[in-house]
Trainee: 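Questions regarding the structure given below will be posed in turn.
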Protein chains: 4
Amino acid sequence: MGSIERRQREKEQRREQILNTARELLFKKGIDATSMNQIAKNAELSVGTLYLYFKNKESLFAALQEEGLDLLYTKIREESEKGSTLREKLKKMAFAYMDFSEDHRKYFDIMNYFLSSPKILFSASLKARVDKHVNRILSVFEDTLKSGVLKNTDDREIRRMAVVFCSNLHGMLQFKKLQNTVLQGEDFRDLYMYSFDCAMKSLERIGDS
Amino acid sequence: MGSIERRQREKEQRREQILNTARELLFKKGIDATSMNQIAKNAELSVGTLYLYFKNKESLFAALQEEGLDLLYTKIREESEKGSTLREKLKKMAFAYMDFSEDHRKYFDIMNYFLSSPKILFSASLKARVDKHVNRILSVFEDTLKSGVLKNTDDREIRRMAVVFCSNLHGMLQFKKLQNTVLQGEDFRDLYMYSFDCAMKSLERIGDS
Amino acid sequence: MGSIERRQREKEQRREQILNTARELLFKKGIDATSMNQIAKNAELSVGTLYLYFKNKESLFAALQEEGLDLLYTKIREESEKGSTLREKLKKMAFAYMDFSEDHRKYFDIMNYFLSSPKILFSASLKARVDKHVNRILSVFEDTLKSGVLKNTDDREIRRMAVVFCSNLHGMLQFKKLQNTVLQGEDFRDLYMYSFDCAMKSLERIGDS
Amino acid sequence: MGSIERRQREKEQRREQILNTARELLFKKGIDATSMNQIAKNAELSVGTLYLYFKNKESLFAALQEEGLDLLYTKIREESEKGSTLREKLKKMAFAYMDFSEDHRKYFDIMNYFLSSPKILFSASLKARVDKHVNRILSVFEDTLKSGVLKNTDDREIRRMAVVFCSNLHGMLQFKKLQNTVLQGEDFRDLYMYSFDCAMKSLERIGDS
DNA sequence: GATGAATGAGTGTTCATTCAT
DNA sequence: GATGAATGAACACTCATTCAT
């Protein structure tokens with residue numbers, strides 16, 4: 001009986017061991033340059049064992065993707081609770097996202113990798129799990145907006161506002177890659193703040209109408 | 001004499017032949033799953049010939065990327081000239097971007113691929129050429145905004161507005177991938193329109209202040 | 001238990017199988033014209049397997065090189081023990097070297113290939129291993145000279161004598177390639193003997209002085 | 001008529017132009033890394049033209065080989081004339097050879113490349129031409145020895161002595177590659193001098209007997 | 001459950017040579 | 001005589017995945 005629990009614990013540990021190694025390699029060398037054999041060797045396990053815990057390479061990296069989204073969720077949720085006004089809250093959340101894209105650039109890279117990969121590659125169940133995480137993040141934005149001044153806005157509108165707000169942030173962070181070329185001369189943080197202000201203005205307007 | 005011209009023409013045709021085949025395969029199978037050998041075989045040319053026309057795989061795909069950005073530029077420029085008011089113009093441009101991402105989804109995918117690829121992958125000169133195309137597109141937005149109502153806005157502000165406006169659109173189009181899951185129940189076109197309205201509101205506000 | 005041993009044995013056999021095939025091809029076609037794919041095909045193994053047993057082509061051929069040097073070492077050592085006088089010993093060793101260059105011409109060719117290849121080609125560790133073998137062979141000459149009449153010659157002198165003696169033999173064997181053209185009319189064995197006599201004379205002189 | 005001469009001159013110039021470029025590249029990048037296309041581009045000629053002047057890559061490099069041997073011949077000949085005694089002459093010649101192997105290392109490398117390449121690779125006529133050059137060099141040694149003290153030595157003996165002397169030098173220079181490993185702690189120049197002394201001793205002895 | 005040897009199609013790229021113009 | 005576009009076999013090497021033990 002205790003042994004069943006122990007087994008369970010060991011299995012969990014093994015899984016973590018694999019993920020830790022994979023994450024480390026991923027962050028060091030990127031997704032393409034990280035092979036299953038390398039992960040196995042670094043984790044001091046056999047390749048076969050990797051396939052016992054993860055169906056294939058893709059699903060291993062999907063797990064890391066979930067991990068990243070989870071981290072992002074936590075950061076954003078925490079920040080959302082710090083501010084007092086709606087503006088303050090959203091600002092903290094927006095910069096939490098930007099910080100995440102910088103501090104955990106590689107997680108952010110996987111996110112984009114998964115977003116821009118041909119759909120065929122991912123099984124439906126994998127997609128579903130990842131989407132759940134995205135949803136959870138969107139919910140934080142929804143909750144924040146809901147608890148804001150806009151008392152009598154209906155849920156659908158709130159949802160839309162959350163999506164637009166998020167996609168604005170995401171779009172800006174995508175453009176960050178261009179900061180040494182197209183955006184030359186601009187401080188990205190300023191630009192991001194500018195974008196945030198624009199988004200806020202539109203929100204307030206909606207409040208108006 | 002004529003023979004020199006004919007040679008030139010043939011060379012140009014060959015280049016197109018390669019690009020056509022590469023484009024076709026790329027759109028069918030994605031960038032990683034398209035190999036130089038495949039392109040050669042499908043184009044009924046030898047691999048060596050490919051390397052006569054393109055330095056390497058990367059620059060072949062960069063050529064396709066430029067092609068796509070060129071097409072996008074043309075579409076947006078054309079639309080920008082159709083509307084009469086600033087709002088109308090921008091709306092037409094925004095939807096031109098959306099249409100492009102649908103009609104030429106794969107070009108859009110390459111764009112994202114290049115945006116999210118590790119910088120090391122692309123040589124500086126290649127990046128520079130691609131960036132020029134991106135800049136050209138941004139310029140259309142700048143020109144449109146400049147010729148709009150906002151007479152006394154300085155160039156830097158205009159630039160920022162253009163960047164934010166574009167990144168908003170781009171961010172929304174990124175989220176499109178989620179329309180069957182996260183965005184379930186929403187008509188994407190409506191949502192995009194909603195996002196456009198938000199952006200316009202923030203612009204007007206700026207006009208106000 | 002036995003199964004672990006068997007596995008070990010099989011691994012060793014596989015390694016030999018690869019080396020045998022590589023040697024055969026090398027001797028038939030030369031080093032450049034022998035590709036990894038060919039070796040794999042002839043050995044009835046997959047290319048991947050080759051890389052399981054040898055880090056790369058270079059180290060596979062280095063293994064053959066070591067093999068050859070090992071063989072040469074053994075031959076020379078054996079001969080060195082047969083003669084009774086110093087002259088007899090050295091003569092047997094000299095002809096062991098010549099016989100080796102004839103009987104194992106291809107091993108001799110690899111030796112020269114490695115000697116004359118640009119240094120960059122070979123990793124330091126590989127060079128070190130090969131050099132150890134060369135040193136071992138030189139040592140046999142040193143030991144023989146030491147145990148000869150020249151009792152009160154210091155080690156450094158002995159070393160130099162060994163090197164010069166060896167390089168004389170090696171130089172002569174290099175010239176063998178020219179026997180049908182430049183050396184026309186000479187019996188190479190005679191010439192080699194002549195060269196050996198010259199070397200002996202200089203040794204004796206040293207003994208004198 | 002003059003035009004025929006001009007044509008001839010142009011042809012000769014073109015040939016030199018090719019050889020100059022090939023030599024330059026060879027010395028910069030080594031024999032394997034120098035391709036016909038590169039030579040053509042650097043010489044501002046078309047690949048086809050290269051094949052008009054040289055049957056194939058091999059014969060182009062054989063021409064360089066001849067060039068190198070020619071240079072070596074000249075150096076040795078010149079030095080042979082400087083010394084007054086036999087010993088002085090031979091010493092100058094020996095060091096001329098060593099200097100050549102250092103100053104024109106790449107020429108020396110080609111020489112070894114040709115010496116150690118599988119014979120099949122070279123056409124008989126090519127070999128013959130190269131051998132003629134080697135013979136010419138040997139002759140300088142023969143002449144020097146002949147004009148030395150050893151008045152009543154027959155031609156065959158002289159020939160043998162020249163071959164052995166040369167091969168000794170050559171063997172030593174081959175071993176030079178090992179100076180950082182096997183020969184560690186030895187100054188190669190000293191060692192070479194030592195080897196020369198040995199050779200001289202044996203020559204003198206022959207004089208004696 | 002765990003192992004790790006084996007697979008083999010696949011990658012991007014090169015290069016000596018040919019030949020129609 | 002000169003061109004240079006075209007060839008295509010060949011190269012060394014990688015990698016996700018399988019499966020007998």
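Worth knowing before you read on, the calculation uses all heavy atoms, side chains too, and leaves out hydrogens, waters and symmetry mates. Throughout, protein chains are lettered first and strands after them, A, B, ... in sequence-line order, and every chain is numbered starting at 1.
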Trainee: Reading DNA chain E from 5' onward, which residue's closest nucleotide shows up sooner: C/E10 or B/N56?
Mentor: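 With C/E10 and B/N56 compared, the 5'-side residue is C/E10.
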Trainee: Is there a side-chain contact between A/R14 and A/K11 in this structure, where contact means two heavy atoms from C-beta onward sitting under 4.5 Å apart?
Mentor: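 Of all side-chain heavy-atom pairs linking A/K11 with A/R14, none is under 4.5 Å.
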Trainee: Any side-chain N or O of D/R14 under 4.0 Å from OP1/OP2 of F/dG1?
Mentor: no
Trainee: More 5' along DNA chain F: D/K11 or C/K55, using each one's nearest nucleotide?
Mentor: D/K11
Trainee: Let me know the distance between CG of B/L50 and C1' of E/dT14, rounded to the nearest Å.
Mentor: 14 Å
Trainee: Do C/L19 and C/L60 come within less than 4.5 Å of each other through their side chains, counting heavy atoms only?
Mentor: yes
Trainee: Any side-chain N or O of A/Y53 under 4.0 Å from OP1/OP2 of E/dG1?
Mentor: no
Trainee: Going from CG on C/L26 to CD on C/Q65, what distance comes out if it is rounded to the nearest 0.5 angstrom?
Mentor: 10.5 Å
Trainee: Which is more 5' along DNA chain F, the nucleotide nearest C/G48 or the one nearest C/Y51? Just name the residue.
Mentor: C/Y51
Trainee: Any strand counts, and the cut-off is 3.5 Å on both contacts for Watson-Crick or G-U wobble. Which nucleotide pairs with E/dA20?
Mentor: F/dT3
Trainee: Side-chain N or O of C/S46 less than 4.0 angstrom from OP1 or OP2 on E/dT7?
Mentor: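 Result: yes.
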Trainee: Where along residues 35-45 of chain D does a heavy atom fall under 4.0 Å from DNA chain E?
Mentor: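 The stretch gives D/S35, D/M36, D/N37 as the residues lying under 4.0 Å from the strand, ordered by number.
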Trainee: For the side chain of B/L52, starting at C-beta, report the closest nucleotide among F/dT18, F/dA6, F/dC13.
Mentor: F/dA6
Trainee: Does B/L45 offer a backbone N or O that forms a donor-acceptor pair with the side chain of B/T49 under 3.5 Å?
Mentor: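 A pair under 3.5 Å: no.
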Trainee: Should the pair A/R6-A/E10 be classified as a salt bridge under the 4.0 Å nitrogen-to-oxygen rule?
Mentor: yes
Trainee: Supply the atom-to-atom distance A/Q17 CD to A/N42 CG, rounded to the nearest 0.5 angstrom.
Mentor: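 Rounded to the nearest 0.5 Å, the CD-CG separation comes to 11.0 Å.
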